[in-house]
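First the structure, in the form of structure tokens, and then the observations on it.
Keep in mind it's a predicted model, so treat the numbers as computed, not measured.
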There are 2 protein chains.
Amino acid sequence: MEHRIDRIKKQLHAQSYKLTPQREATVRVLLEREEDHLSAEDVYLLVKEIAPEIGLATVYRTLELLSELKIVDKINFGDGVSRYDLRKEGAKHSHHHLVCSECGSVEEIEEDLLEEVEKIVQNEWGFQVKDHRLTFHGVCKQCQTITVSASS
Amino acid sequence: MEHRIDRIKKQLHAQSYKLTPQREATVRVLLEREEDHLSAEDVYLLVKEIAPEIGLATVYRTLELLSELKIVDKINFGDGVSRYDLRKEGAKHSHHHLVCSECGSVEEIEEDLLEEVEKIVQNEWGFQVKDHRLTFHGVCKQCQTITVSASS
DNA sequence: ATATTATATTATAATTATTTTAAATATAAT
DNA sequence: ATTATATTTAAAATAATTATAATATAATAT
């Protein structure tokens, strides 16, 4: 954990931003809940536990900043809120998501499945791809089994 | 145009919804501006031109309804607003988008480039894919040429 | 050390986007 | 005609995000 905080600190410094206590607390929450897809409000409530004096606007600003620096990805699954998803160290792209329409769970795919597709987009549309957002909507493994056993 | 309105009317009737004048006006705007990616507010302003008495809430409700029936896709490019994108007739999936970070333009790819990827997701993750959202962020053809000529 | 400047944060208010409510109107069914 | 159902309107409510002004913190120059 400390190692990653340190790396993020360096990334901030490289753009002459500081890792203030509030920013550090926010990053810690994101690291602790790496598997989750927290909204700004979610992050705010969790950060308040370790830094009770923080303001919601600061959390928004921090997330926005981390987003610009590509430390987190701002994603949107179609409910009204933006969610913030920490990138793996050194990852060039936002990872993919599997959203289950039955139970609402969100799985992550870290493997980049779009390399071939991006080549096609690059060559056939002349579009220079920098990043992507890919989300699949459907039914997760878990919910498929439930449905099957329920219907028998 | 009339043909497509008729089809949509049937789709609504199939779920026992009616194509009211307000809904028809909204659909007409979406058909006319099929290439665009309008926000609810955008749609509202355009619908007002042909049906001035319509309310914003009705537009929201209509878009939500069309969205449920998979006649339009509600998409989100990371600015704060939802945008509504008419599906091609008979299309099973939301089409792909190319968002240019230089000029903000949005191109569409109607071809489904994800068939192979979906097979992998299905087989290796056991996730039953129903739909997808794929957006590429990068630099469009147009802006690439501008950048090249400007830097020479 | 101290004054000066720049940057960041807080609390609150304001803004924007969207949804809900309640009353009125229209449509369809009996 | 009467009743039930669906839809719209306008207003109010809610949710998400951003702006503002005051304060605090840190960085630099004196």
Side-chain angles (χ1 to χ4, degrees), chain A residues 8-29 37-69 71-85, chain B residues 8-29 37-69 71-85:
Chain A
I8 289 169
K9 188 174 186 173
K10 288 204 180 83
Q11 284 178 266
L12 284 165
H13 285 166
Q15 313 279 323
S16 58
Y17 292 112
K18 309 170 212 169
L19 185 68
T20 63
Q22 292 87 343
R23 286 175 184 169
E24 184 174 332
T26 305
V27 169
R28 277 183 193 279
V29 163
H37 299 84
L38 305 170
S39 68
E41 185 80 29
D42 294 338
V43 174
Y44 171 65
L45 293 172
L46 290 165
V47 175
K48 266 191 106 69
E49 291 175 11
I50 55 176
E53 74 296 334
I54 203 169
L56 178 56
T58 302
V59 172
Y60 268 103
R61 258 181 322 234
T62 301
L63 291 171
E64 197 55 42
L65 177 62
L66 295 173
S67 196
E68 268 164 39
L69 300 183
I71 293 165
V72 305
D73 289 305
K74 190 176 178 179
I75 52 178
N76 200 297
F77 294 139
D79 53 353
V81 287
S82 297
R83 296 176 180 281
Y84 298 85
D85 198 16
Chain B
I8 289 169
K9 189 172 184 173
K10 288 205 181 82
Q11 284 178 268
L12 284 166
H13 285 166
Q15 313 280 321
S16 57
Y17 293 112
K18 306 169 213 171
L19 186 67
T20 64
Q22 293 87 339
R23 286 176 184 168
E24 183 174 334
T26 305
V27 169
R28 278 184 192 279
V29 163
H37 299 84
L38 305 170
S39 68
E41 185 81 30
D42 294 338
V43 174
Y44 171 65
L45 293 172
L46 291 165
V47 175
K48 266 190 106 67
E49 290 175 12
I50 53 178
E53 74 296 340
I54 202 170
L56 178 56
T58 302
V59 172
Y60 269 104
R61 255 181 323 235
T62 301
L63 292 171
E64 197 55 41
L65 176 61
L66 294 174
S67 195
E68 267 164 41
L69 300 182
I71 292 166
V72 304
D73 289 304
K74 191 175 179 179
I75 53 179
N76 199 298
F77 294 139
D79 53 351
V81 288
S82 296
R83 297 176 179 281
Y84 298 86
D85 198 16

task: Check the distance between C:dA8's C1' and A:Leu12's CG and give it to me in whole angstrom.
output: 13 Å

- request: Quick one: label A:Ser39 by what it contacts on the DNA or RNA (base, sugar-phosphate, nothing), any heavy atom closer than 4.0 Å.
  value: nothing

field: Distance, rounded to the nearest Å, where B:Tyr60 contributes OH and D:dA10 contributes P
entry: 17 Å

task: Looking only at side-chain atoms of A:Leu56, point me to the closest of D:dT7, C:dA11, D:dT17.
output: D:dT17

- prompt: What does C:dT30 pair with, Watson-Crick or G-U, if both distances are under 3.5 Å?
  reply: D:dA1

- prompt: Rounded to the Å, how far apart are B:Tyr17 OH and D:dA6 P?
  reply: 9 Å

- prompt: For A:Lys9, does the NZ atom have more than 12 heavy-atom neighbours from other residues, nucleotides or ligands under 6.0 Å away?
  reply: no

task: Could you state the atom-to-atom distance from CG of B:Asp79 to P of D:dT17 in whole Å?
output: 12 Å

task: Using heavy atoms to find the nearest nucleotide of DNA chain D for B:Gly55 and B:Gly80 separately, return the residue whose nucleotide is more 5′.
output: B:Gly55

- request: Give the intermediate values and the outcome of side-chain contact (heavy atoms from CB on, under 4.5 Å) for residues A:Val27 and A:Glu24.
  value: CA-CA 5 Å; A:Val27 169; A:Glu24 184 174 332; 5.7 Å; no

- prompt: So, the side chain of B:Arg23 versus the backbone of B:Thr62: is there a donor-acceptor pair under 3.5 Å, distance only?
  reply: no

message: Quick check on D:dT8: is either OP1 or OP2 less than 4.0 Å from any side-chain nitrogen or oxygen of B:Thr20?
response: yes

task: Using atom CG of B:Leu19 as one end and atom P of C:dA28 as the other, report the distance to the nearest whole Å.
output: 11 Å

message: So, does A:Gln22 get its side chain near the phosphate of C:dT10, meaning an N or O under 4.0 Å from OP1 or OP2?
response: yes

- request: Identify whether any heavy atom of B:Thr58 sits under 4.0 Å from a base atom; if not, whether one sits that close to sugar-phosphate; answer base, sugar-phosphate or nothing.
  value: base

message: Could you check whether atom CZ of B:Phe77 has more than 12 heavy atoms from other residues, nucleotides or ligands sitting under 6.0 Å from it?
response: yes

- prompt: Quick one: A:Leu65 CG to C:dA8 P, roughly how many Å, whole number?
  reply: 8 Å

- request: Could you go through the side-chain contact (heavy atoms from CB on, under 4.5 Å) check for B:Leu12 and B:Leu65 one step at a time?
  value: CA-CA 9 Å; B:Leu12 284 166; B:Leu65 176 61; 3.9 Å; yes

query: What nucleic acid atoms does A:Glu53 come within less than 4.0 Å of, heavy atoms only: base, sugar-phosphate, or nothing?
result: sugar-phosphate

message: Just the rounded figure in Å: distance from C1' of D:dT5 to NE2 of B:His13.
response: 15 Å

- request: Just compare C:dA17, D:dT8, C:dT7 and give me whichever is closest to any side-chain atom of A:Lys18.
  value: C:dT7

- prompt: Base, sugar-phosphate, or nothing for B:Ser16, non-hydrogen atoms under 4.0 angstrom?
  reply: nothing

- prompt: Should C:dT7 form a Watson-Crick or G-U wobble pair with both distances under 3.5 Å, which nucleotide is its partner?
  reply: D:dA24

message: In whole Å, I'd like the distance from the CG atom of A:Asp42 to the P atom of D:dA15.
response: 14 Å

For A:Lys74 against B:Gly78, the heavy-atom pair lying closest together: NZ-O, 4.1 Å

query: Should B:Arg23 be listed as having a side-chain N or O under 4.0 Å from OP1 or OP2 of D:dT8?
result: yes

message: Could you identify the nucleotide paired to D:dT30, looking across every strand shown and requiring Watson-Crick or G-U wobble geometry with both distances under 3.5 Å?
response: C:dA1

- prompt: Which residue lies toward the 5' end of DNA chain C, A:Val59 or B:Ala40, if each is placed at its nearest nucleotide?
  reply: A:Val59

